[in-house]
Amino acid sequence: MKSVRTFEDLGFAKGEPHRITRQGFPEAIFCPGKKTEHILSIFGVLAQGPGPVLATRATPQVARALLKHYPKARYYPEARLVVMNPKKVRMKTKVFVLTAGTADLPVAEEAAITAEALGCRIERLFDVGVAGIHRLLKFRKRLKEAGVAIVCAGMDGALPSVVGGLVSCPVVAVPTSIGYGAHFKGLAPLLTMLNSCAANVSVVNIDNGFGAGVIASLIAK
């Protein structure tokens, strides 16, 4: 109950630096829609905890401000993540992060770096979509090492089902907003993934790499 009550009231936000002790993952800052000064204040509160501290969807302008005030932080521009105090201990379980195409990389990197900051060992397999299925099959033996697989795909969103049929571990599917008109900004792959016939596939929201990274880290733990 003490950990539940521990937060700092900033008026515009209530920072919870010790959430990780209760839930196994920290509170993260979703940057869009927030003033830079508010992000800086919340980041400072979260930095009082055991870490890691994550600011998601950070623009370069926000990242520069954070790094100026918190020089130990690191900015990952492709993932749009600012991370400070990541866990240094790596779990034995491997988390594989796969993408159907190169355009899925921002979401995949958000997932990979989030999981890595939470102590996961990450293996990346990018651009192995079903349009060239032989590219994925080349890594079939490596996939057997996966304890969890995060699979990011846009377009028809078929890759998680294929991966699910090749591995004996949980698959966290991430639909991305990459595709043409009937793709409906990620809705088409979302529905495909929700209707997967591979029973080991579960799904997070469109472009939610952060959520996939958290879920994968909890499974690996």
Side-chain angles (χ1 to χ4, degrees), residues 1-7 14-31 42-43 46-57 74 76 79-99 104 106-125 142-153 157 159-161 163-164 166-176 190 193-194 196 198-221:
M1 288 304 298
K2 183 179 179 181
S3 69
V4 171
R5 292 194 299 268
T6 303
F7 64 89
K14 294 174 177 61
E16 193 178 346
H18 297 283
R19 179 179 297 182
I20 193 169
T21 62
R22 186 177 79 253
Q23 293 185 282
F25 57 90
E27 179 180 10
I29 305 168
F30 181 72
C31 293
I42 299 168
F43 200 92
L46 298 183
Q48 297 171 19
V53 186
L54 294 95
T56 69
R57 306 298 167 93
R74 181 177 176 184
Y76 299 86
R80 298 166 292 175
L81 270 175
V82 176
V83 180
M84 191 171 76
N85 300 334
K87 287 190 175 183
K88 295 181 180 179
V89 178
R90 293 287 175 255
M91 305 176 201
K92 292 182 178 180
T93 301
K94 283 188 179 181
V95 176
F96 273 64
V97 180
L98 300 88
T99 70
D104 302 310
V107 176
E109 281 297 322
E110 183 181 53
I113 293 167
T114 296
E116 201 166 40
L118 292 169
C120 293
R121 296 169 62 200
I122 302 297
E123 292 275 348
R124 292 168 170 83
L125 292 177
R142 279 181 63 186
L143 282 171
K144 291 182 179 180
E145 301 174 12
V148 191
I150 298 173
V151 184
C152 305
L159 184 60
S161 292
V163 173
L166 295 174
V167 299
S168 59
C169 66
V171 174
V172 183
V174 189
T176 66
L190 171 65
M193 294 172 186
L194 287 172
S196 174
N200 53 343
V201 174
S202 60
V203 189
V204 297
N205 206 349
I206 298 167
D207 291 337
N208 189 10
F210 169 75
V214 168
I215 293 295
S217 73
L218 292 174
I219 295 171
K221 184 179 179 180

(message) With heavy-atom distances below 4.5 Å as the criterion, would you say the side chains of L190 and V203 are in contact?
(response) yes

(message) Give me the atom names and distance for the closest heavy-atom approach of A117 to P52.
(response) O-CG, 3.5 Å

(message) If you apply the rule side chain to side chain contact (heavy atoms under 4.5 Å, CB included), what do you find for M84 with R74, and how did you get there?
(response) CA-CA 6 Å; M84 191 171 76; R74 181 177 176 184; over 6 Å; no

(message) Within this structure, what is the CZ-OG1 distance for the pair R124 and T99, rounded to the nearest 0.5 Å?
(response) 11.0 Å

(message) Working to the nearest 0.5 angstrom, can you tell me the gap between L125 CG and L98 CG?
(response) 4.5 Å

(request) In plain terms, say whether R22 and E16 are close enough for a salt bridge, that is, a side-chain N and a carboxylate O under 4.0 Å apart. (result) yes

(message) Contact between V83 and V53 at the side-chain level, heavy atoms closer than 4.5 Å - yes or no?
(response) no

(message) Would the distance check show the side chain of N205 and the main-chain N or O of N208 forming a donor-acceptor pair, the cut-off being under 3.5 Å?
(response) no

(request) Answer yes or no: is there a side-chain heavy-atom contact under 4.5 Å between N200 and P170? (result) no

(request) Please report the closest heavy-atom contact between A149 and C169, naming both atoms and the distance. (result) N-SG, 4.0 Å

(message) If I take atom OH from residue Y76 and atom CD1 from residue I113, how far apart are they, to the nearest 0.5 angstrom?
(response) 5.5 Å

(message) Any non-hydrogen side-chain atom of L118 less than 4.5 Å from a side-chain atom of P26?
(response) yes

(request) Locate the shortest heavy-atom distance separating G211 from V204; write the atom from each residue and the value. (result) C-CG1, 4.4 Å

(message) Check this for me, if you would: do R80 and E109 make a salt bridge, where the nitrogen-to-carboxylate-oxygen distance has to be below 4.0 angstrom?
(response) no

(request) Search all heavy atoms of A198 against all heavy atoms of S196 and return the closest pair with its distance. (result) N-OG, 3.1 Å

(request) Find the distance between CZ (F25) and CD1 (I20) and round it off to the nearest 0.5 Å. (result) 9.5 Å

(message) Is any side-chain heavy atom of L46 closer than 4.5 Å to one of E27?
(response) yes

(message) To the closest 0.5 Å, what do you measure between OG (S161) and CG (L159)?
(response) 9.0 Å

(request) Apply side chain to side chain contact (heavy atoms under 4.5 Å, CB included) to the pair R121 and E116, showing each step before the final yes or no. (result) CA-CA 6 Å; R121 296 169 62 200; E116 201 166 40; over 6 Å; no

(request) Working to the nearest 0.5 Å, report the span between NZ of K94 and NZ of K144. (result) 14.5 Å

(message) If you compare all heavy atoms of G213 against all heavy atoms of A115, which two are closest, and at what distance to 0.1 Å?
(response) O-CB, 3.7 Å

(request) For residues V148 and F96, determine if any side-chain heavy atom of one lies less than 4.5 Å from a side-chain heavy atom of the other. (result) no

(request) Determine the minimum heavy-atom distance between G157 and P160, stating which atoms define it. (result) O-CD, 3.4 Å

(request) Might you work through the side chain to side chain contact (heavy atoms under 4.5 Å, CB included) test for V151 and V174, ending with a clear yes or no? (result) CA-CA 6 Å; V151 184; V174 189; over 6 Å; no

(message) Could you tell me if the side chain of P175 sits less than 4.5 Å from the side chain of M193, heavy atoms only?
(response) yes

(message) Between R57 and E110 (salt bridge meaning N to carboxylate O under 4.0 Å), is one present in this structure?
(response) yes

(message) Does I29 form a side chain to side chain contact (heavy atoms under 4.5 Å, CB included) with T56? I'd like the steps, not just the answer.
(response) CA-CA 6 Å; I29 305 168; T56 69; over 6 Å; no

(request) Would you mind reporting whether L54 and L81 have side-chain heavy atoms less than 4.5 Å apart? (result) yes

(request) Would you confirm whether T21, through its side chain, and H18, through its main-chain N or O, come within 3.5 Å as a donor-acceptor pair? (result) yes

(message) What verdict does the side-chain hydrogen bond (donor to acceptor under 3.5 Å, both in side chains) test give for T176 and D104, after you've listed the backbone C-alpha separation in whole Å, the side-chain angles of each residue and the deciding distance to 0.1 Å?
(response) CA-CA 7 Å; T176 66; D104 302 310; 2.6 Å; yes

